[in-house]
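To start, the structure under review is shown below, and the notes come after it.
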Amino acid sequence: MLDPQLLRDDIGAVAQKLADRGYDLDVKAWQDLEERRKALQVETESLQSQRTKISKSIGQAKAKGEDIQPLLDQVASIGDQLEKSKADLQQVFADMEQVTLYVPNLAQDDVPVGQDEEDNVEVRTWGQPPSFDFEVKDHVDLGAMSGFMDAESAATLSGSRFTVLSRDLARLQRALTQFMLDTHINDHGYDEFYVPYLVNDQAMLGSGQLPKFADDAFITEDGRFLIPTAEVPLTNLVSNEILEADQLPIKMTAHTPCFRREAGSYGKDTKGLIRQHQFDKVEMVQIVHPELSNQALEDMTSHAENILKALKLPYRVIVLCTGDMGFSAAKTYDIEVWVPAQNTYREISSCSNCEDFQARRMQARFRSPDQKKPQLVHTLNGSGLAVGRTLLAVMENYQNADGSIRVPDVLQQYMGGVKVINQC
RNA sequence: GGAGAGAUGGCAGAGCGGUUGAAUGCACCGGUCUUGAAAACCGGCAUACGUUAGUAGCGUAUCUAGGGUUCGAAUCCCUAUCUCUCCGCCA
């Protein structure tokens, strides 16, 4: 949610910035609502004030045993007026909320303006894509050869976009997860959390998945949502909180499955682990002082990069352009890992500074010693990393000519000494 | 799932139709006293919105949330959510 003050003071500039993101704000409609709101609110509050005054004097008159009928007559007409004006005001507020809940965050000034992923800008690359003296196989083939990855069984169980991993490959995924968590906890200063995988609509609203993207999430019969990312439960841990300044920054990590409908991506990445309805992810979330959020974004991105460095997987970092950013983000870095079989980089992490956008929705604030009023915190989230896609990247980058897969050095301690994954 | 009890300010806890935004205690902040500290005493201490040049003043709302009764609701009624106790079931 944007700062309503900003919408009032400088709506022209806001509309321009939203246009950069491909969002068309109806300025005239908003200003009309705002004007109505102002008139109605002033009217309602003054009526309420009158009514309260008279009601109090009724109490006093009664206590003294005076006749209260004149006062009752006086207040009678206020009641109807008040009811009407209250209802109108509520309607205007509801209309305004329908706008504000659907308006995306504003991009930071240094974010490149652009339409879609074509306009994203590469920031840096790390590592050299490996060269192979044989024809590389993709992870689907490698998985089939080993017999440890089974899309058909998954289709029988659940449908498309699911997978069954077994034995050394299942273990390798667990090793990756463990390694990521341990690194974030031991080297990067995050605290580990275990969180619910089902959340209510308030939580989804707070982090910005609702109301606009309801179709992307799985909803349960009793109205809960399967989390599309651990960002939702982790970030909402501070909802409706007023934190003390010295509690910041809060750095949280959690490993969870993530569930996504992937509506609207029909035909895209239909094979393999790239795009699944269910995938595991290790998530990082930071709750920070507003002045430090940009530095925190750089730090968090480097934390995700450190995982890839340790795994010796080549990657590049790009900054998303205005048109490609997520709803809640003010600035986003994507990290893309080298995928040999596709001869390109594919997204494996997305790190965003949401500034106060989510904090305002969920009323997450802190009290700083130098300011009387509580102020909104800044929230950041980043994948550290998407585990399924990391598994895919390891499989493809570490493949041998015979289809076996070398286990990266840092994972071997988690694999009980297994150094190469062969076949069933 | 069944039966019961409850949800009040940072925390504890009173109030149970009328000057209650809410007693009291604790915590916190400022002051007096003191060489300093403690104690004691004095004072302060919610949030949001509106109006406004204003973090001044004034107004409005908020005692879990949403509805209702009433001239007037923290207090009465309904619904939802959550918590606790007991029983049942269960990894």
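What's counted below: heavy atoms across the whole structure, side chains too, no hydrogens, waters or symmetry copies. Nothing here was measured: the structure is a model prediction, and the numbers come from that model. The sequence lines fix the lettering, A, B, ..., with proteins before strands; numbering per chain opens at 1.
The listed nucleotides are B/U60, B/G50, B/A48; the one nearest the side chain of A/Ser49 is B/U60. Listed nucleotides B/C71, B/G50, B/G21 differ in distance to A/Gln41; the shortest reach to its side chain belongs to B/G50. Checking B/U60, B/C49, B/G18 against every side-chain atom of A/Arg8, the shortest atom distance belongs to B/C49. Side-chain proximity of A/Arg365 to the nucleotides B/U60, B/U47, B/G18 is greatest for B/U47. Proximity note for A/Lys62 (side chain, C-beta onward) versus B/U60, B/U47, B/C71: the nearest is B/C71.
Of the nucleotides present, none pairs with B/A37 by Watson-Crick or G-U wobble criteria with both distances under 3.5 Å. Under the Watson-Crick and G-U wobble criteria, each requiring two contacts below 3.5 Å, nucleotide B/C76 is paired to B/G68. Pair check for B/C16 finds none; no Watson-Crick or G-U wobble contact set falls under 3.5 Å. Nucleotide B/G6 forms a Watson-Crick or G-U wobble pair with B/C82, both donor-acceptor distances falling under 3.5 Å. With a cut-off of 3.5 Å on both Watson-Crick or G-U wobble distances, the partner of B/A23 is given as none. Both distances falling under 3.5 Å, in either a Watson-Crick or a G-U wobble arrangement, place B/G30 opposite B/C42. Under the Watson-Crick or G-U wobble criterion, with both distances below 3.5 Å, B/G1 is paired with B/C87. Pair assignment for B/A53: none, as no Watson-Crick or G-U wobble contacts are both less than 3.5 Å.
As a whole-Å value, the separation of A/Gln5 CD from B/A53 P is 13 Å. For the pair A/Arg51 CZ and B/U60 C1', the computed distance is 11 Å after rounding to whole Å. For the pair A/Leu71 CG and B/U70 C1', the interatomic distance rounds to 16 Å; values are reported in whole Å. Rounded to whole Å, atom P of B/C71 lies 11 Å from atom CG of A/Asp80. Atom CE in A/Met96 sits roughly 13 Å away from atom P in B/C49 (whole-Å rounding). In this structure, the NZ atom of A/Lys86 is 8 Å from the P atom of B/A61, given to the nearest Å. Per the geometry, CG belonging to A/Asn240 stands 16 Å off C1' belonging to B/G9, to the nearest Å. Between A/Phe93 atom CZ and B/A48 atom P the separation is 16 Å, expressed in whole Å.
Taking atom C1' on both nucleotides, B/C16 is separated from B/G43 by 32 Å, rounded to a whole Å. Using atom C1' as the reference point in both B/U55 and B/A48, the two lie 15 Å apart (nearest Å). For the P atoms, the distance linking B/C86 with B/G9 amounts to 26 Å, nearest Å. The separation of B/U69 from B/U83, taken at their C1' atoms, amounts to 28 Å, rounded to a whole angstrom. Comparing the P positions of B/C45 and B/A23 gives a spacing of 11 Å, expressed to the nearest Å. Distance check on atom C1': B/G1 versus B/C89 gives 8 Å, rounded to whole Å. Between the C1' atoms of B/A61 and B/G21, the separation comes to 11 Å (whole Å). Nucleotides B/C63 and B/A74 place their P atoms 6 Å apart, quoted to the nearest Å.
Scanning for ring-ring contact (aromatic ring centres under 6.0 Å, His included) contacts around A/Phe357 gives A/Phe327, with sequence neighbours left out.
A heavy atom lying under 4.0 Å from RNA chain B marks the following residues of residues 28-39 of chain A, by number: A/Arg37, A/Lys38.
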Handout entry: Check against ring-ring contact (aromatic ring centres under 6.0 Å, His included), A/His255 and A/Tyr194
Key = CA-CA 7 Å; A/His255 158 236; A/Tyr194 169 79; 9.5 Å; no
Problem - Stepwise side-chain contact (heavy atoms from CB on, under 4.5 Å) check, A/Glu396 with A/Asp138 - result: CA-CA 6 Å; A/Glu396 294 198 11; A/Asp138 71 11; 3.5 Å; yes
Problem - A/Lys17 and A/Asp109: CA distance, side-chain angles, deciding distance, salt bridge (Lys or Arg N to Asp or Glu O under 4.0 Å) verdict - result: CA-CA 9 Å; A/Lys17 284 192 145 194; A/Asp109 290 336; 3.0 Å; yes
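At a threshold of 4.0 angstrom between heavy atoms, the contacts of A/Ile54 with the nucleic acid are absent.
No option in A/Gln108, A/His378, A/Arg360 other than A/Gln108 meets the side chain to side chain donor-acceptor pair (under 3.5 Å) test with A/Glu355.
A/Cys351 has its side chain out of reach of A/Leu380: every pair of non-hydrogen atoms, C-beta onward, lies at least 4.5 Å apart. At least one side-chain heavy atom of A/Phe218 sits less than 4.5 Å from a side-chain heavy atom of A/Arg261. Taking 4.5 Å as the limit, some side-chain heavy atom of A/Ile287 sits within range of a side-chain heavy atom of A/Leu248.
Toward the 5′ end of RNA chain B lies the nearest nucleotide of A/Gln90, the other residue of the pair A/Gln90 and A/Ala76 mapping further downstream. Between A/Gln60 and A/Thr44, it is A/Gln60 whose nearest contact on RNA chain B lies nearer the 5' terminus.
Judged by the 6.0 Å distance and 45° axis criteria, A/Lys212 is not positioned over the aromatic ring of A/Tyr102.
Side-chain atoms of A/Ser293 never come within 3.5 Å of backbone atoms of A/His289 as a donor-acceptor pair (strictly under, hydrogens ignored).
A donor-acceptor contact under 3.5 angstrom links the side-chain atoms of A/Glu45 to the base of B/G59. Side-chain atoms of A/Lys56 and base atoms of B/G18 include no donor and acceptor less than 3.5 Å apart.
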